[in-house]
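Model, not experiment: these values are computed from the prediction. Residues: numbered from 1 along the sequence shown.
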Amino acid sequence: AFRWATALKRVLTGIDWALERPAFNLALYTGPFDAGADGWFHWHLEVAPRVTRMGGLDWGSGLHRNPVSPEEAASVLRASVPV
């Protein structure tokens, strides 16, 4: 648990610094109640910073756009979190 907490702190600190203290959502995804899902599902935590305003597509479809490429986001976060 300590390593997980340390990793989460590093991620949140990096997001806080790189994106100038944005609001964000944390979502914990757990396995379905069906016992048959044990072989394919793993629990995970999703961190979703709120960096844009929602528009018509977002509201109407539930799909959210991300204006930043994964490579650019990873580069910025790597630079913001000390090793």
Side-chain angles (χ1 to χ4, degrees):
F2 177 73
R3 289 183 188 184
W4 188 84
T6 301
L8 181 60
K9 181 179 178 182
R10 287 183 67 196
V11 167
L12 294 178
T13 299
I15 289 172
D16 195 42
W17 181 86
L19 301 177
E20 300 176 4
R21 302 183 58 91
F24 60 89
N25 291 337
L26 290 175
L28 177 62
Y29 292 88
T30 60
F33 292 114
D34 179 11
D38 291 342
W40 59 268
F41 190 88
H42 64 277
W43 72 272
H44 60 280
L45 183 69
E46 185 176 294
V47 180
R50 294 182 173 212
V51 293
T52 61
R53 299 178 84 182
M54 290 182 71
L57 174 69
D58 305 321
W59 283 110
S61 67
L63 301 174
H64 300 280
R65 59 191 166 86
N66 182 356
V68 180
S69 73
E71 296 82 8
E72 183 181 349
S75 175
V76 169
L77 289 174
R78 277 191 205 104
S80 67
V81 179
V83 177

*Who are the side-chain contact (heavy atoms from CB on, under 4.5 Å) partners of Ala27, not counting sequence neighbours?*
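Tyr29, Glu46.
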List the atom of [X], the atom of [Y], and the distance in Å for their closest heavy-atom pair.
| X | Y | answer |
| --- | --- | --- |
| Val47 | Leu8 | CG2-CD1, 4.4 Å |
| Ala18 | Val76 | CB-CG1, 3.5 Å |
| Trp43 | Thr30 | CB-CA, 4.1 Å |

_Listing request: all salt bridge (charged side-chain N to carboxylate O under 4.0 Å, His left out) pairs with a residue in residues 66-77, at least two apart in sequence or in separate chains._
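Residue pairs passing salt bridge (charged side-chain N to carboxylate O under 4.0 Å, His left out), neighbours aside: none found.
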*Pro49 and its side chain to side chain contact (heavy atoms under 4.5 Å, CB included) partner, picked from Ile15, Leu12, Val68*: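 Among Ile15, Leu12, Val68, the one meeting side chain to side chain contact (heavy atoms under 4.5 Å, CB included) with Pro49 is Ile15.
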*So Phe24 and Asp16, side-chain contact (heavy atoms from CB on, under 4.5 Å) or not? Walk me through it.*
CA-CA 10 Å; Phe24 60 89; Asp16 195 42; over 6 Å; no
